[in-house]
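Below you'll find the structure, written out as structure tokens, and then a few comments.
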Amino acid sequence: MLYVMGLATALTLLWLGMSGIYEPVVLSLGVISIAITVILATRLGLKDRETSPYHRIIPFLLYTPYLIKEILKANLTVIKAVLKPDMDIQPTMVKVKTTCRSDLAKVIFANSITLTPGTVTLRVDDDSMLVHGLYEADAQPEAFEEMDRRSSLAGDGRPSKEKGTSK
Amino acid sequence: MTLLSVAAVGIFVSIALLLIRLFVGPSLYDRVLAVNSVGTKIVVLLALVGFMMGRPDFLDIALLYALINFVTTIAILKFFRYRSFQISLIKPEVEPKGEAE
Amino acid sequence: MEFFNDVIGVITAPGWRHFVGALLCAIGGVSTVIAAAGVLRFPDFYTRLHAASVTDTLGALTLILGMAFLAPGLLIVFKLILIGLFLVLTGPTSAHAIANAAYTAGLEPIIGKIGLQKAKEEDEA
């Protein structure tokens, strides 16, 4: 029931934000469409803890500043590589171990790797990922340890056991 | 307004460059990549043109296009991998763990 | 109360807001051109993927942030945030889908030094 309430609240916020017209007729149409969506989602069985990760929103928001910083750094690297008249890239493939346990944390980790330019996740296995990197120096497995730790904190709600090697 | 025109012209130029990659592209995946990237740029261009014309209603269309773009990419990839749309992307539990989709 | 009104007035004054927004939009436009040039220049599929992801992050997100500065109302900012959220969620997912499909289909990536560094290595050898 709590999950259904959460879904209905999220849908109401979405509808109010998208519509912008607050007249009785339009509002009633919105109520009807929200009700239909909630009924369909309940029939599909989308009402467990995994499909409504509202308790993960605040840890994820804490994770975003670090992600933005990483994205900016990586963007500069790739833009420099594109603008160089002589191409000096050095593509590599590395296996990156992850300590993330839940699927959500793995998704956050893999998406963060792909979102930072210069590294792309090719394949996700149980506890490791195959990553293709643009520069060999940037794509060492140690470079992903902090991101792994932070995304497991955002997705699982606990720091991973292995601490990153301090440099 | 001039800076906004710079942004719009930049997006147009990059769409043209990506179209070259789309027609030249040696493999299928280069073409899919180009299509996906053009789609992202079209989303931003729709929103930008809406702002330049003073009609932010275009944002709704841009939002829809962002969704359709994602589904298009996945559908193309799925079709060229399995040659069919009727195969479930979620693997049954019985099979040994293979590659994640 | 008057102080707060002044603060709100400064924050929502169109002058600097429009300038910052237009500047961010221009940065986004230039970086999309650079990324598209990278998609044309890079030697193989996987490296092109890296160049294309610059568009998804720096290009599209700075453009959307710039438009959020230009927006006349809060509803429009909300819609722009939604578009940005969709792009952030779907961009890496489709990039991973393309990369994974290419990798399972057996497209071999180029590994090792390319271009200037490779030439240097051959000179030394």
Side-chain angles (χ1 to χ4, degrees), chain B residues 1-21 24-30 32-34 36-41 43-48 50-51 54 56-57 59-60 62-63 65-67 69-74 76-78 80-81 98-101, chain C residues 18-19 21-40 44-46 48-49 51-53 55-56 59-64 66-67 70-73 75-76 79-80 82-84 86-87 89-91 93-105 107:
Chain B
M1 211 45 168
T2 358
L3 285 172
L4 274 190
S5 318
V6 167
V9 170
I11 296 173
F12 271 119
V13 170
S14 54
I15 287 176
L17 291 175
L18 281 172
L19 282 182
I20 298 175
R21 176 51 72 197
V24 169
S27 68
L28 165 79
Y29 304 103
D30 288 297
V32 179
L33 177 68
N36 187 24
S37 209
V38 168
T40 312
K41 290 192 178 63
V43 171
V44 180
L45 189 66
L46 268 175
L48 197 66
F51 267 90
D57 308 334
L59 284 180
D60 297 330
L63 196 56
Y65 204 94
L67 293 172
N69 184 31
F70 176 62
V71 176
T72 311
T73 309
I74 301 295
I76 293 173
L77 287 174
K78 184 180 174 186
F80 280 102
R81 184 150 162 196
E99 71 272 343
E101 188 58 51
Chain C
H18 283 189
F19 178 70
L23 199 65
L24 282 175
C25 283
I27 291 173
V30 171
S31 64
T32 45
V33 175
I34 294 172
V39 174
L40 269 185
D44 86 316
F45 163 72
Y46 295 97
R48 277 172 213 144
L49 204 59
S53 73
T55 357
D56 279 347
L61 289 186
T62 32
L63 271 159
I64 282 171
M67 281 187 267
L70 291 175
L75 271 184
I76 291 164
K79 279 178 194 171
L80 281 170
L82 268 188
I83 293 179
F86 277 131
L87 286 182
L89 286 180
T90 59
T93 314
S94 48
H96 168 70
I98 298 172
N100 190 283
Y103 185 69
T104 27
L107 192 67

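Worth saying up front: this structure is predicted, and the values here are computed from it rather than measured.
With a threshold of 4.5 angstrom between heavy atoms, C:Leu75 does not approach chain B through any atom at all. Residue B:Val13 touches chain C through its side chain alone, counting heavy-atom pairs closer than 4.5 Å. Heavy atoms of C:Leu82 lying under 4.5 Å from chain B belong to its backbone as well as its side chain. Heavy atoms closer than 4.5 Å to chain B are found in both the backbone and the side chain of C:Phe45. With a 4.5 Å cut-off on non-hydrogen atoms, B:Asp30 touches chain C through its backbone and its side chain both. Heavy atoms closer than 4.5 Å to chain B are found in both the backbone and the side chain of C:Leu23. Contacts of B:Tyr29 with chain C are made by both backbone and side-chain atoms, with heavy-atom separations under 4.5 Å. Heavy-atom distances place the side chain of B:Val43, and not its backbone, under 4.5 Å from chain C. For chain C, the nearby part of B:Leu77 is the side chain; its heavy atoms alone come within less than 4.5 Å. At a 4.5 Å heavy-atom cutoff, the contact between B:Leu67 and chain C is made by side-chain atoms alone.
Here the CZ-OG distance, from C:Arg48 to B:Ser27, works out to 7.0 Å after rounding to the nearest 0.5 Å. The CG atom of B:Asp60 sits 4.0 Å away from atom NZ of C:Lys79, with the distance rounded to the nearest 0.5 Å.
When C:Gly29, C:Ser94, C:Ala95 are compared by the number of non-hydrogen pairs under 4.5 Å with chain B, C:Ser94 comes out ahead. Of the listed residues (C:Cys25, C:Ser53, C:Ala102), the greatest number of heavy-atom pairs within a distance under 4.5 Å of chain B belongs to C:Ala102. Options B:Leu59, B:Ile11, B:Thr73, B:Ile15 differ in how many heavy-atom pairs under 4.5 Å they form with chain C, and the most are formed by B:Leu59.
The two residues C:Ala60 and B:Thr40 come nearest to each other via the heavy atoms CB-CG2, 4.4 Å. Closest approach of B:Val6 to C:Ala26, counting heavy atoms only: CG1-CB, 4.3 Å. Here the shortest heavy-atom pairing between B:Ser14 and C:Ala36 reads CB-CB, 3.5 Å. C:Val39 and B:Arg21 make their closest contact through O-NE, 3.2 Å (heavy atoms, listed as atom of the first residue, atom of the second, distance).
Atom CZ of B:Phe70 sits in a crowded spot, with more than 12 heavy atoms from other residues, nucleotides or ligands closer than 6.0 Å.
The side-chain contact (heavy atoms from CB on, under 4.5 Å) test with C:Ile98 is passed by exactly one of B:Val32, B:Ile74, B:Leu28: B:Val32.
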